[in-house]
Undergrad: 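Just passing along the structure, written as structure tokens.
Nothing fancy with the numbering, it's 1 onward along the sequence. For clarity, every value in this text was computed on a predicted model and none was experimentally measured.
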Amino acid sequence: MTEKKGEIEIFGAREHNLKNIDLHIPRNQLVVITGLSGSGKSSLAFDTLYAEGQRRYIESFSAYARQFLGGMKRPDVDKINGLSPVIAIEQKSTNKNPRSTVGTITEIYDFLRLLFARAGEAYSYNTGERMVKYTDDQIVKIISESYAEKEIQLLAPVVKGRKGHYRELFEKIRKLGFLKVRIDGEIQEISFGMKLDRYRTHDIEILIDQVKVNDSNHARLRRSVLDALRHGKGYVLVADSKYQTRPFSRFLMCPTTGIAYEEPAPNFFSFNSPYGACSHCNGLGEILKMDLQKIIPDTKMTIRQGAIAPLGTYKKDLRIFHQIEVLGKHFGFDLNTPVEEMDETHLHIILYGSPEYIRVKDSTGVRQNMSYEGITTFIEQQINDESSRSILKWAQGFMMQQVCPECEGTRLRKEAKYFKIAAHDITELAEMDLFTLSQFFSNIEEKMSDTQQRIAGEVIKEISKRIGFLLDVGLEYLTLSRTARTLSGGEAQRIRLATQIGSQLVGVLYILDEPSIGLHQRDNHRLIEALKKLRDVGNSVIVVEHDKDMMLESDDILYLGPGAGVHGGRVVAHGIPSKFIMQDSETARYLSGEKHMPIPSLRRKGNGSHLVLHRASGHNLKEVTLSLPLGMFICVTGVSGSGKSSLINDTLFPALNKILYKNSEKIALPFKKITGDKHIDKIIRIDQSPIGRTPRSNPATYTGVFTDIRNLFAELPEARIRGYKPGRFSFNIKGGRCETCGGAGVKVVEMNFMPDVEVPCEACGGRRYNRETHEVRYKGKSISDVLNMTIEDAIVFFEAIPHIVRKIHILHQIGLGYLTLGQSSTTLSGGEAQRVKLASELNRTDTGNTLYLLDEPTTGLHFEDVRILLDVLNQLVDKGNTVLVIEHNMDVIKSADWLIDMGPDGGSRGGAILFEGSPEQILSLNDNHTARFLMAEYLK
């Protein structure tokens, strides 16, 4: 371990809920910050340490540069000493750009492009033969040897497979001194004014020379070949007396058909360059295609009733309905026939247009001829014309993503896929999982020629090194072609971590936010070793983490608390692991084993019904059939990349969404059928995404309790005398809100060389409402005072109003009593946002036939938070619902009624269901990764 070198000293940290803390964090150590969700961990690590590091870096720029970069707000802290340059590796760093892939993020694909451009072997896409490339001397030599003592014609191709009359071209050739050309295989003399049929496709070659190949004509042959190459732009055709031709080229060329490729550069293999991208999909691998099911969702309806969704119900003043009525009279259909009974030809005309002109009246009543383009053409025009964002979104709502038929999803032009190394093209390598790719490159040099090895040696070393870093952080199941937007926060974070390990920087402070997310216990030690590598080369590593193994392997543990929100923000315990577990804290009790999650004494038997997804085969899934016993708490487990998300999030959820809600926004991965769907009437996915994107959204508005509170205020005598309605007490609409700040409570002051500053509104003092609205009070409190109450205080305040207390009490019950009712959604952590959503679900009156899906709900949650989460999930199941969770956390796994374990490994070596049954039953499996770690929980 690297010797300690000083400390990072923090004095008076008050950002968010931090209570003016003073703290000394050892440098060049692996430090874990832990605590309850909302206790101030991110406030200390990211909003204080990282923010100050970034601010100091930007402050080092000139004032001129800072005006373009924008400044950064100084965190609320008195002083920080010993701060190194800071790099934050957060979960929120996922790139949503569809062109960004694992390969481009890690730069491995850039090295692959260089490798194929310099060492790739080209093959003909027509015959599959190896492409050849000749120098001028080689061409002359081959012709001399192949056509010795034979009469040949040397032809320079100038037009290949193009339409036109070419009168100007013939005149230009004549002025160059050439007398004959070969047109579509026939030699003709050039005459003045000569031209061809402009609507036919032609091949035109200049007859450069007609010569007998022998020693005496060698100089003439060489001169004519060079002329032919010059006029043919690097190409020459040789025709013998039997008119059989053979092509030669300075470029890569098929020896049989003569097709040629351009000399490849690295961008020839780039889907982000016009030079290498598939021209049909512009390098995206997908195209938008009209979805008739979205255009006509219900074929039993008539057009007049609104069968065609983009048009809606019949409106007499809409021109398009008038056009369709005129079409109907002309072709013999009407708007009152159900779509399913209409003739296919008539429906095709309505959707795709008619080539015939129809007579319609314009707005002045004058009849005129006009064409009808069709519904689908109109929708496509809105996308191609780059209309407003709302119209574009409307148009895309009737379309679906489809794999590009030209490049078959590979994103590249056809020629790029015919350059190979060791019998593989670049798209095949991009589709391999990283483990398989690592094995491929470990013995690739044996399959390469000496020349290829000399050219590619250093590139192969760099590729292998970068793949190794990704394997070290447990990402062997990913492929280079995997798009960045499909990565989880944990995966994106570990990719950035691998990149930083490869950068070999020294003296840096790295701050990571739960890098173990999405990682099976089996792979946890590899991640910990990767973090230790960063530390051992001379860096400080601070990790916000709840993983037990990570804490025990760290050099220092810092516990913030004791509670969350206003009850947190203090340093409760701090020290090396061996001393930390002796201190009095919630975390120490869990680490020492004094406190642990109990194993349920009974497992639910379910309601006897099953939901079955048959033969799912998307991504790496091996034709699996998933059977879910309903009315139980089900947990899907398995090593990272084993196919859990592909099966649940990408197949089951969109398939049920389409069945239950006719929603086909996301297309499910391939499967055969679903049975048992009649046993559920709702499917709800609860994730950790924010409950709102603006500061106006808060727990009170999301759970709906604010509507009840506004109604209560509107019923007060003072409000009724003044004629106030519930809208008066909304800060989102005019009337009762402060118009100076628009109900935001703050005003943004623009600074020229510093970040914009938010200051409380001088009119309302940050209280959002105008004076008149504040005068209406309930039990001495205004609507603004109520929004600033904590949930704990609000329960007591509204104790006489049962329907309000019930909604607020659930928020308190799931551990959110410290939040204020009006707390901005943008300040909530992922775990807090998730629990607000769960509270909203518990408030609803359900049928008991709901399927809830949660993907790693323990992300960002402390041991105690996990216990509260499990209580809430069990409440949902006790009502008769089914809860399906994808999870690696052993406390959740052992608490489930039913386990579905996937594997046996990640990527191409996964995709199978290994086990279905209770947690006790999986323990009997000897070679199962989940069983091995679960057994340790039972032995506690």
Undergrad: What closest approach, in Å, do Lys548 and Tyr590 show between heavy atoms, and which atom pair accounts for it?
TA: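 Reported closest heavy-atom pair: NZ-O, 4.1 Å.
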Undergrad: Can you check side-chain hydrogen bond (donor to acceptor under 3.5 Å, both in side chains) on His574 and Asp556, steps first, answer last?
TA: CA-CA 7 Å; His574 186 196; Asp556 198 71; 2.5 Å; yes
Undergrad: Is there a donor-acceptor contact under 3.5 Å linking the side chains of Ser908 and Asp433?
TA: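 The answer is yes; a qualifying pair exists.
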Undergrad: Name the residue from Leu876, Val892, Leu884 that meets the side chain to side chain contact (heavy atoms under 4.5 Å, CB included) definition with Phe633.
TA: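 Exactly one option meets the side chain to side chain contact (heavy atoms under 4.5 Å, CB included) with Phe633, and it is Val892.
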Undergrad: Should the heavy atoms of other residues, nucleotides or ligands under 6.0 Å from NZ of Lys19 be counted, would the total exceed 12?
TA: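 Counting neighbours around NZ of Lys19, more than 12 heavy atoms of other residues, nucleotides or ligands fall under 6.0 Å, so yes.
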Undergrad: With Pro629 as reference, evaluate Leu611, Ile634, Asn607 under the side chain to side chain contact (heavy atoms under 4.5 Å, CB included) test and give the passing residue.
TA: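 Only one of Leu611, Ile634, Asn607 forms a side chain to side chain contact (heavy atoms under 4.5 Å, CB included) with Pro629, namely Ile634.
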Undergrad: Using salt bridge (charged side-chain N to carboxylate O under 4.0 Å, His left out), reason through Lys532 and Glu553 one step at a time and then give a plain yes or no.
TA: CA-CA 9 Å; Lys532 286 182 177 179; Glu553 290 283 332; 2.6 Å; yes
Undergrad: If we ignore angles and hydrogens, is there a donor and acceptor under 3.5 Å between the side chains of Tyr559 and Glu586?
TA: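 There is no such pair between these side chains.
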Undergrad: Should the pair Phe933 and His520 be assigned to parallel (<30°), tilted (30 to 60°) or perpendicular (>60°) ring geometry?
TA: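 Ring orientation of Phe933 relative to His520: perpendicular.
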Undergrad: Between Phe671 and Arg615, is there a cation-pi geometry (under 6.0 Å to ring centre, at most 45° from the normal)?
TA: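 Judged by the rule, Arg615 and Phe671 form no cation-pi pair.
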Undergrad: Would you check if the side chain of Arg685 reaches a backbone N or O of Tyr852 as a donor-acceptor pair within less than 3.5 Å?
TA: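 No.
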Undergrad: Does a donor on one side chain sit under 3.5 Å from an acceptor on the other, for His16 and Asp47?
TA: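 Yes, because at least one side-chain N or O of His16 sits under 3.5 Å from a partner of the opposite role on Asp47.
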Undergrad: Less than 4.0 angstrom from a charged side-chain N to a carboxylate O is my criterion; do Arg604 and Asp878 meet it?
TA: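 Here Arg604 pairs with Asp878 in a salt bridge, since their nearest N and O are under 4.0 Å apart.
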Undergrad: Distance alone, cut at 3.5 Å: any donor-acceptor contact between the side chains of Asp901 and His929?
TA: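 Short answer, no.
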Undergrad: Output yes when Arg867 and Glu864 qualify as a salt bridge under the 4.0 Å nitrogen-oxygen rule, no when they do not.
TA: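 Salt bridge between Arg867 and Glu864, a charged N being under 4.0 Å from a carboxylate O: yes.
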Undergrad: More than 12 heavy atoms of other residues, nucleotides or ligands under 6.0 Å from NZ of Lys579: yes or no?
TA: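 No, because the 6.0 Å sphere around NZ of Lys579 holds 12 heavy atoms or fewer from other groups.
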Undergrad: Is it true that Asn849 and Asn881 share a donor-acceptor pair across their side chains at a distance under 3.5 Å?
TA: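 No, no side-chain donor-acceptor contact under 3.5 Å.
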Undergrad: Quick check on Lys879: does its NZ atom have over 12 non-hydrogen neighbours (other residues, nucleotides or ligands) under 6.0 Å away?
TA: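 Yes.
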Undergrad: Between Tyr477 and Glu491, is a side-chain hydrogen bond (donor to acceptor under 3.5 Å, both in side chains) present by the stated rule, with each step listed?
TA: CA-CA 11 Å; Tyr477 57 90; Glu491 287 168 339; 2.7 Å; yes
Undergrad: Between Arg522 and Glu476, does any side-chain N to carboxylate O distance fall below 4.0 Å?
TA: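 So Arg522 pairs with Glu476 through a salt bridge.
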Undergrad: Using side-chain hydrogen bond (donor to acceptor under 3.5 Å, both in side chains), reason through Thr858 and Glu887 one step at a time and then give a plain yes or no.
TA: CA-CA 8 Å; Thr858 61; Glu887 191 54 85; 2.9 Å; yes
Undergrad: Answer with yes or no whether the side chains of Arg570 and Asn17 bring together a donor and an acceptor at under 3.5 Å.
TA: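 Not at all, the side chains of Asn17 and Arg570 share no donor-acceptor pair under 3.5 Å.
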Undergrad: How about Asp905 and Ser642: do any of their side-chain heavy atoms sit closer than 4.5 Å?
TA: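 No - every pair of side-chain heavy atoms lies 4.5 Å or more apart.
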Undergrad: Just by distance, with hydrogens left out, do Thr486 and Arg482 show a side-chain donor and acceptor under 3.5 Å apart?
TA: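 Checked: Thr486/Arg482 side chains pair up, N/O donor to acceptor below 3.5 Å.
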Undergrad: With a 4.0 Å cut-off, would you call Arg589 and Asp584 a salt bridge?
TA: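 Judged by the 4.0 Å cut-off on N to carboxylate O distance, Arg589 and Asp584 do form a salt bridge.
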Undergrad: Do Thr675 and His614 have a side chain donor and acceptor closer than 3.5 Å?
TA: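 Note: Thr675 and His614 side chains meet the donor-acceptor criterion.
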Undergrad: Return yes if some donor-acceptor pair links the side-chain N/O of Lys807 with the main-chain N/O of Phe706 below 3.5 Å, else return no.
TA: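 Not a single qualifying donor-acceptor pair exists.
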Undergrad: Is the side chain of Asn874 donor-acceptor paired with the backbone N or O of Leu870 at a distance under 3.5 Å, no angle test?
TA: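 Yes: the side chain of Asn874 pairs with the backbone of Leu870.
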Undergrad: Between Asp865 and Arg835, is there a side-chain N and carboxylate O pair less than 4.0 Å apart?
TA: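 Salt bridge present between Asp865 and Arg835.
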Undergrad: So how far is it from Ile667 CD1 to Thr651 OG1, rounded to the nearest 0.5 Å?
TA: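 Atom-to-atom, Ile667:CD1 and Thr651:OG1 are 12.0 Å apart.
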Undergrad: Does a donor on one side chain and an acceptor on the other come within less than 3.5 Å for Ser516 and Glu545?
TA: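 Judged by distance alone, the side chains do pair up.
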Undergrad: Would you check if there is a donor-acceptor pair between the side chains of Ser840 and Asn843 at a distance under 3.5 Å?
TA: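 No - no donor-acceptor pair under 3.5 Å links their side chains.
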Undergrad: Looking at side-chain heavy atoms only, is the closest gap between Val612 and Ile674 below 4.5 Å?
TA: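 SC-SC contact between Val612 and Ile674 ruled out.
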Undergrad: Quick one: do the His862 and Thr587 side chains pair a donor with an acceptor below 3.5 Å?
TA: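 Their side chains do contain a donor-acceptor pair, which is all the 3.5 Å distance test asks for.
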